Amino acid sequence: MTESYTIQPAASHFIGGEYVEDTTGEPIDVVYPATGKPIARVHAATPAIIEKALASAAEAQAAWAAMTGTERGRVLRRAADIMRERNRPLSVLETWDTGKPLSETLVADATSAADALEYFGGIAGSLTGEHIPLAGGDFVYTRREALGVCVGIGAWNYPTQIAAWKGAPALACGNTMVFKPSETTPLCALKVAEILHEAGAPAGVYNVIQGMGLVGRSLVDDPRVAKVSLTGSVPTGRKVYQAAAAGLKHVTMELGGKSPMLVFDDADLDSAISGAVLGNFYSSGQVCSNGTRVFVQRGIREAFVERMIERLKTGVKIGDPQDETVNFGPISNARQLDIIERYIRKGVEEGATLAYGGKRIGNDGFYLEPAIFTDVTDDMTIAREEIFGPVLSVLDFDTEEEALRRANATEFGLAAGVFTKDLERAHRVAAGFEAGTCYINTYNLAPVEAPFGGSKLSGVGRENSKAAISHYSEIKSVYVAMNPCEAPF
Ligand code: NAD
């Protein structure tokens with residue numbers, strides 16, 4: 001039966017250094033978003049599979065942590081090299097899994113995963129504690145220690161990247177991981193596990209199991225798990241955070257957003273439009289940090305909208321995402337397409353003007369034109385809620401103070417951007433943004449060297465950079481007395 005699928009993985013799960021199957025688990029069909037047809041079938045983890053993965057990660061952890069950081073780092077860097085060598089087949093797989101165009105996946109997914117593996121591989125050997133001198137020659141030294149077994153839970157928009165962004169710092173610090181990809185895009189994380197194993201990660205160090213929220217929940221609840229890192233929506237974040245809190249577990253939460261982008265009238269207009277394209281239409285708009293509320297200073301609003309529409313008319317090429325000339329693919333799944341279409345209808349109902357696009361294309365696959373709304377006000381649903389699709393809202397503003405206040409008037413705080421040639425204003429506005437990741441005259445870049453994450457409801461903790469190390473390790477203080485121990489009696 002499985003032979004009839006185009007992209008069937010060797011098995012559903014990767015545990016203890018090998019592919020493992022248990023077909024008694026609930027079947028999950030992997031659908032190619034360009035056709036709406038199944039291309040693979042995996043099975044959700046049964047309790048036996050969940051147990052096997054956790055036991056395997058728990059068993060492997062002490063020996064992995066006992067290796068030197070340099071040795072662990074070497075494994076990660078080797079994995080990075082393999083990922084780069086196989087960038088094309090991995091990108092093709094990412095495109096099957098998500099529907100994102102190959103022109104994007106070739107430069108943004110396995111490459112980003114490789115960057116994370118290389119970066120954390122590079123610093124693994126330098127993770128040390130410190131020496132703290134005290135009175136009378138006493139001192140404290142600190143040890144930076146692994147947390148233990150970490151659980152990673154992924155969203156469906158960047159399956160390879162998410163698997164590596166969580167795995168690389170976790171493994172660098174001496175933890176082991178059980179990763180559960182989104183049930184919508186289960187294929188890519190298996191390759192990350194396979195490559196890490198091939199690069200020398202001992203059996204059990206990085207495991208992948210499939211399943212829906214319930215499988216994730218079982219992992220979070222397990223007392224052997226010390227840390228949970230989730231990339232997903234705010235409602236899921238609340239549930240996972242709450243479940244993790246019962247065991248006082250460490251958490252990283254990379255959640256949703258409704259990020260603002262401020263375009264002042266002195267901005268380089270073409271550059272600002274490029275920023276808005278990157279922040280609304282890359283990956284068909286399915287990016288958490290998207291700047292979907294584009295505040296444009298009144299004087300340049302019309303020119304901005306006109307040129308933005310022109311850019312979409314001339315620049316967007318919609319089609320089969322496996323065709324390398326295509327730059328705008330389908331929405332990743334039918335459910336998400338339905339959600340986006342509902343938001344578009346709501347925008348029209350509430351009085352916004354659908355100035356461009358927003359229509360379904362064809363009956364096969366989950367294609368939707370990129371959409372631009374104008375005449376949007378702050379209270380409209382499309383300006384308040386995360387849509388997670390290619391829907392840009394243009395809002396007008398007059399003053400810097402007003403724009404910043406309205407930009408911050410949201411429960412989310414993932415990202416924010418400002419386009420202006422005025423240096424002082426750029427830094428003032430960046431300092432005023434209530435968001436974890438801010439951009440001046442660009443948008444949506446996420447290099448591994450820089451911390452990435454959200455404030456307010458958009459998240460807890462940071463991924464990437466040295467900041468991630470503190471989220472995957474803890475400090476032990478060792479007090480050393482150089483004098484006899486004294487007591488009051
Ligand atoms: P989702 O919240 O529906 O699911 C995320 C993951 O959580 C999935 O693997 C799902 O199976 C799992 N899950 C669901 N319920 C669970 C539970 N009770 N316990 C444990 N795990 C559970 O999100 P999605 O639809 O897959 O992804 C889209 C969302 O992710 C958007 O809100 C987007 O903004 C966000 N996102 C955030 C970032 C970031 O870095 N901040 C990156 C990508 C996506």
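Both counts, for ligands and for their atoms, begin at 1 and track the order of listing. Computed from a prediction, not measured in an experiment: that's the story for all the values here.
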With heavy-atom distances below 4.0 Å as the criterion, list the atoms of ligand 1 near Phe452.
40 (O)
Distance-only polar pair, side chains of Thr160 and Glu94, donor-acceptor under 3.5 Å:
yes
Has Gly154 got any heavy atom lying under 4.0 angstrom from an atom of ligand 1?
yes
Is Glu385 atom CD crowded by more than 12 heavy atoms from other residues, nucleotides or ligands, each under 6.0 Å away?
yes
Geometric N/O contact Glu463 with ligand 1, under 3.5 angstrom
no
May I ask you to identify, for Val287, whether its side chain, its backbone, both or neither come under 4.0 Å of ligand 1 on a heavy-atom basis?
neither
Return the residue, atom name and 0.1 Å-rounded distance of the protein heavy atom closest to atom 14 (C) of ligand 1.
Thr236 CG2, 3.5 Å
Does this structure show an ion pair linking Glu198 with Arg86, if we count only N-O contacts that are shorter than 4.0 Å?
yes
Check ligand 1 against Gly256 and write out every atom of the ligand that is under 4.0 Å from a heavy-atom position of the residue.
32 (O), 34 (O)
Distance under 6.0 Å and angle within 45° of ring axis: Lys317 vs Phe328
no
Side chain, backbone, both or neither: which part of Leu414 has a heavy atom under 4.0 Å from ligand 1?
side chain
Heavy atoms only: which of Cys288, Pro235, Gly211 is nearest to atom 37 (C) of ligand 1?
Cys288
Among all protein non-hydrogen atoms, which one is nearest to atom 28 (C) of ligand 1, and what is the separation to 0.1 Å?
Phe388 CE2, 3.6 Å
Could you identify the single nearest non-hydrogen protein atom to atom 41 (N) of ligand 1 and state the distance to 0.1 Å?
Leu255 O, 2.8 Å
For atom 18 (N) of ligand 1, what is the nearest protein heavy atom, given as residue, atom name and distance?
Lys239 CD, 3.9 Å
For atom 22 (C) of ligand 1, which protein heavy atom lies nearest, and how many Å away is it?
Gly213 CA, 3.5 Å
Tell me the contacting part of Thr231 for ligand 1: side chain, backbone, both, or neither, using a 4.0 Å heavy-atom threshold, strictly below.
both
Is the contact between Met212 and ligand 1 made by the side chain, the backbone, both, or neither, using heavy atoms and a 4.0 Å cut-off?
backbone
Test item, Gly459 contacting ligand 1 (heavy atom, 4.0 angstrom):
no
Check whether any N or O atom of Gly232, backbone or side chain, sits under 3.5 Å from an N or O atom of ligand 1, and answer yes or no.
yes
Tell me whether the count of non-hydrogen atoms from other residues, nucleotides or ligands lying under 6.0 Å of NZ in Lys249 goes above 12.
yes
Show the nearest heavy-atom pair for residues Val208 and Ile15, with the distance to one decimal.
O-CG1, 4.3 Å
Is the closest N or O pair between Arg335 and ligand 1 shorter than 3.5 Å?
no
Could you list which atoms of ligand 1 come closer than 4.0 Å to a heavy atom of Ala155?
26 (O), 27 (O), 30 (O), 44 (C)
Salt bridge present between Lys346 and Glu341 (N-O < 4.0 angstrom):
no
For the rings on Trp165 and Tyr119, is their centre-to-centre separation under 6.0 Å?
no
Checking heavy atoms under 4.0 Å, the part of Glu386 that sits near ligand 1 is side chain
Any idea which atoms of ligand 1 are less than 4.0 Å away from a heavy-atom of Val240?
19 (N), 20 (C), 21 (N)
If you measure only the distance, is there a donor-acceptor pair under 3.5 Å linking the side chains of Ser455 and Glu434?
no
Within 45° of the ring axis of Tyr158 and under 6.0 Å from its six-membered ring centre, is that where the NZ or CZ of Lys100 lies?
yes
What atoms of ligand 1 come within less than 4.0 Å of a heavy atom belonging to Ser182?
9 (O)
Students should be able to answer this: which protein heavy-atom is nearest to atom 7 (O) of ligand 1, and at what distance?
Ile153 CG2, 3.4 Å
Does atom CD of Glu59 have more than 12 heavy-atom neighbours from other groups under 6.0 Å away?
no
Would you kindly specify which portion of Tyr158 sits under 4.0 Å from ligand 1, judged on non-hydrogen atoms: side chain, backbone, both or neither?
neither
Would Val215 count as a contact of ligand 1 if the rule is a heavy atom under 4.0 Å away?
no
Side chains of Pro260 and Phe295: does their closest heavy-atom pair fall under 4.5 Å?
yes
To which protein heavy atom is atom 10 (C) of ligand 1 closest, and what is the distance rounded to 0.1 Å?
Glu183 OE1, 3.7 Å
Honestly, for Asn157 the part within reach of ligand 1 (heavy atoms, under 4.0 Å) is side chain
After noting the C-alpha distance and the side-chain angles of Arg84 and Glu118, does the key distance pass the salt bridge (charged side-chain N to carboxylate O under 4.0 Å, His left out) rule?
CA-CA 11 Å; Arg84 288 212 176 85; Glu118 185 169 18; 2.9 Å; yes
Would you find a donor on one side and an acceptor on the other, under 3.5 Å apart, between the side chain of Trp96 and the backbone of Ile39?
no
Would Ser91 and Asn87 satisfy side-chain hydrogen bond (donor to acceptor under 3.5 Å, both in side chains), going step by step from the backbone distance to the final call?
CA-CA 6 Å; Ser91 304; Asn87 183 43; 3.2 Å; yes
Among all the protein's non-hydrogen atoms, which is closest to atom 26 (O) of ligand 1, and how far away is it?
Trp156 CD1, 3.0 Å
Is the count of non-hydrogen atoms from other residues, nucleotides or ligands lying under 6.0 Å from Lys456 atom NZ greater than 12?
yes
Report, in ascending order of atom number, the atoms of ligand 1 lying under 4.0 Å from any heavy atom of Ser233.
1 (P), 2 (O), 23 (O), 29 (C), 30 (O), 32 (O)
